Amino acid sequence: MVSTWLRSLIRSYRRHAAHFASRFSPRSHSGSEARLGMSGGCGYTLALMNDIIKPGLDALSQAGLPELSVVVPTFNERDNVTVLYRRLEATLAGIAWEVIFVDDNSPDGTWDVVRGLARKDSRVRCIRRMGRRGLSGACIEGILASSAPYAAVMDADLQHDETQLPKMVALLRSGEAELVVGSRYVEGGSADSFDKQRAGFSQLATKLAKQTLAIEIADPMSGFFMIRRDRFEELAPQLSTQGFKILLDLVASAQGKLRAVEIPYTFGSRQHGESKLDSMVALDFLGLVLAKLTHDIISLRFLLFAMVGGTGLIVHLVILFIGHEVMNAPFAEAQAAGALVAMTTNFILNNFLTYRDQRLKGFAILRGLIVFYIVCGVGLLANVGVAFSVFEQEPIWWLAGLAGALMGVVWNYAMSGLFVWRRR
Ligand code: GDD
Ligand code: MN
């Protein structure tokens, strides 16, 4: 009885998650629809048509179409982009290339500098994103905006060695590789410019990722790689737009089916500006490992949301204790105060952590907070309703309580993603 009920709850959660995924979750599908779409009859016809219309590389260069798109995510890199462009121009002389800068509306106006370059050279393109932040998401959008057979990802800050790009192209052209990784951790590569702490973290994370996700390449944390665009496009629906470990995500999602070759390079030091990676990236990283381990059932966002909910419970109890026991307030009032404070701290933490890539600012915070109160209020009703109905069927208090709490958190999560932190 109970297990049937639990199974149906999990089923409905999954259905729910798939339904809302595109709105509130960074990974768009863990459901089966997307995969069916890729391998179904329609996919086959498409592949056939692609073969017929696919121009050879010679035809590409004759038509002036790029063979390689270099995708460069940028945030506050105005002093670096022109230098990088010049270096690309020099090193890619024999290749038909373009560069796609994906800028998250940098306050320093990086996008404006890129526009200036693009007005003089049509090989330069700029995607300016509004209301969004995130390295992985920017890379994904950049590659998906390309129609070239090969796409590379590299940083704007000149830490990645662009002179490796022709070698990477050659490896893809020859068919020896579908993915070429610029690696700091193979013979000949290095990351000397890292300070001790960063080097330690990088190595620890690499070890953890390799062991838990059975990854074979030496540097899955590298931000410098080149991939066949058609292979990327197949994997794209499974990738997380949150966080910054896009290569790790790619390799883990491909489950060994991506032929990878690593080439050594030396990670240089930053020329201008500063690194955007803060201590939060550790959290993003653990979330990604967890998501891949659970086959995308648990997303990082959901996990963070649930964890914040847990802290809310503690806040609630503390306020209840202070109000009722210490200040002798009536129980109902102390309980209401506890709930209000807990909802408020939950909102602040979620805005800071769970949805930091879509953080509400200014007046939007107030509006968001009010909607969050309403969402949580209804969530509480759903929680109690489910708990009651379970208790009626099976009078086990903790099971009923747990089911109610689960219902509450799933509801709050789904509705917050739709109404509070909606994507602009
Ligand atoms: N669009 C966009 N949005 N770009 C971003 C964002 C963002 O939120 N955050 C960072 N970037 C851009 C930066 O402007 C830079 O071009 C690039 O992404 C890398 O960011 P850095 O802040 O320079 O990262 P890092 O040098 O500490 O780490 C890099 O190198 C490591 C080793 O290869 C990253 O590429 C890591 O992913 C990589 O592990
Ligand atoms: Mn950097």
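Computed from a predicted model, the values in this text were never measured in an experiment. Order of appearance sets the numbers: ligands from 1, and atoms from 1 within every ligand.
- Close approach to D157 involves these atoms of ligand 1, each under 4.0 Å from a residue heavy atom: 23 (O), 26 (O).
- Side-chain atoms of S253 and K292 include a donor-acceptor pair closer than 3.5 Å.
- For the pair F302/V410, a side-chain contact is recorded, criterion being any heavy-atom separation below 4.5 Å from C-beta on.
- Atoms of ligand 1 found under 4.0 Å from any heavy atom of S275 (numbered from 1 in listed order, with element): 22 (O), 24 (O), 25 (P), 27 (O).
- Heavy-atom separations between K245 and ligand 1 include at least one value shorter than 4.0 Å.
- With hydrogens left out, the protein atom closest to atom 34 (C) of ligand 1 is D155 OD2, 3.5 Å, a heavy atom.
- Contact detail for F224 and D161: the closest heavy-atom pair is CZ-O, 3.3 Å.
- The contact set between ligand 1 and A138, taken as ligand atoms under 4.0 Å from a residue heavy atom, comprises 1 (N).
- You'll find the side chain of I95 stays beyond 4.5 Å of the side chain of L165, heavy atoms only.
- When R198, Q159, R184 are checked for heavy-atom proximity to atom 28 (O) of ligand 1, R198 turns out nearest.
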Before giving the answer on salt bridge (Lys or Arg N to Asp or Glu O under 4.0 Å), spell out for R86 and E89 the whole-Å C-alpha distance, their side-chain angles and the decisive distance to 0.1 Å.
CA-CA 5 Å; R86 293 222 178 91; E89 199 176 25; 5.9 Å; no
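- In summary, the side chains of T354 and Y413 do not present any donor paired with an acceptor at a separation below 3.5 Å, with no hydrogens or angles considered.
- Put simply, CG on L213 and CG on L288 are 7.5 Å apart, with the number rounded to the nearest 0.5 Å.
- For ligand 1, the polar-atom distance check finds an N/O of M221 within less than 3.5 Å of one of the ligand's N/O atoms.
- In this structure, CD on Q159 lies 7.0 Å from OG on S269, to the nearest 0.5 angstrom.
- At a cut-off of 3.5 Å, with distance as the only test, a side-chain donor of Q335 or H316 sits close to an acceptor on the other residue.
- Residues N105 and R128 bring a donor and an acceptor atom of their side chains to less than 3.5 Å of each other.
- Residue contact check: A156 has heavy atoms under 4.0 Å from atoms 16 (O) of ligand 1.
- Using a 4.0 Å cut-off to heavy atoms of R270, the atoms of ligand 1 that qualify are 21 (P), 22 (O), 23 (O).
- The shortest distance between side-chain heavy atoms of E262 and S222 does not fall below 4.5 Å.
- Here the heavy atom of the protein found nearest to atom 37 (O) of ligand 1 is F244 CD1, 3.5 Å.
- For R270 and E77, the salt-bridge test passes: some basic side-chain N is under 4.0 Å from an acidic carboxylate O.
- Residue contacts with ligand 1: R132 is excluded, as none of its non-hydrogen atoms falls under 4.0 Å.
- When each atom of ligand 1 is checked for a heavy atom of E77 under 4.0 Å away, the hits are 13 (C), 14 (O), 15 (C), 16 (O).
- Between F347 and W421, the ring centre distance stays below 6.0 Å.
- Taking every heavy atom of G223 and a limit of under 4.0 angstrom, the matching atoms of ligand 1 come to 33 (O), 35 (O), 38 (C).
- Considering only non-hydrogen protein atoms, atom 10 (C) of ligand 1 sits nearest to K276 CG, 3.4 Å.
- Residues L239 and L250 have side chains in contact (heavy-atom distance under 4.5 Å, counting atoms from C-beta outward).
- Between S146 and S69 the shortest heavy-atom distance is OG-OG, 2.8 Å.
- Excluding waters, the protein N/O/S atoms found under 2.8 Å from the Mn ion (ligand 2) are D157 OD2, Q159 OE1.
- Shortest contact from atom 8 (O) of ligand 1 to any protein heavy atom: R133 NE, 2.7 Å.
- Under a 4.0 angstrom heavy-atom cut-off, Y265 registers as being in contact with ligand 1.
- Close contacts of ligand 1 with T74, meaning ligand atoms under 4.0 Å from a residue heavy atom, involve 1 (N), 2 (C), 4 (N), 14 (O).
- Between H160 and ligand 1, at least one pair of N/O atoms sits closer than 3.5 Å.
- Polar contact check, F75 against ligand 1: a nitrogen or oxygen pair lies under 3.5 Å apart.
- Atom 11 (N) of ligand 1 has L135 CD1, 3.9 Å as its closest protein atom, hydrogens excluded (heavy atom only).
- Contacts between F224 and ligand 1 below 4.0 angstrom, taking non-hydrogen atoms only, are absent altogether.
- R119 contributes atom CZ, which lies 13.0 Å from atom CG of D121 (distance to the nearest 0.5 angstrom).
- With rounding to the nearest 0.5 angstrom, the CG atom of L248 is 11.5 Å from the NZ atom of K210.
- If you look at D357 next to ligand 1, there are no close heavy atoms at all, none under 4.0 Å.
- None of R301, R132, R133 except one satisfies the side chain to side chain donor-acceptor pair (under 3.5 Å) rule with D357; the exception is R301.
- Among all protein heavy atoms, the one lying closest to atom 3 (N) of ligand 1 is D104 OD2, 2.7 Å.
- Scanning S222, S106, P73, A205 for the heavy atom closest to atom 16 (O) of ligand 1 points to P73.
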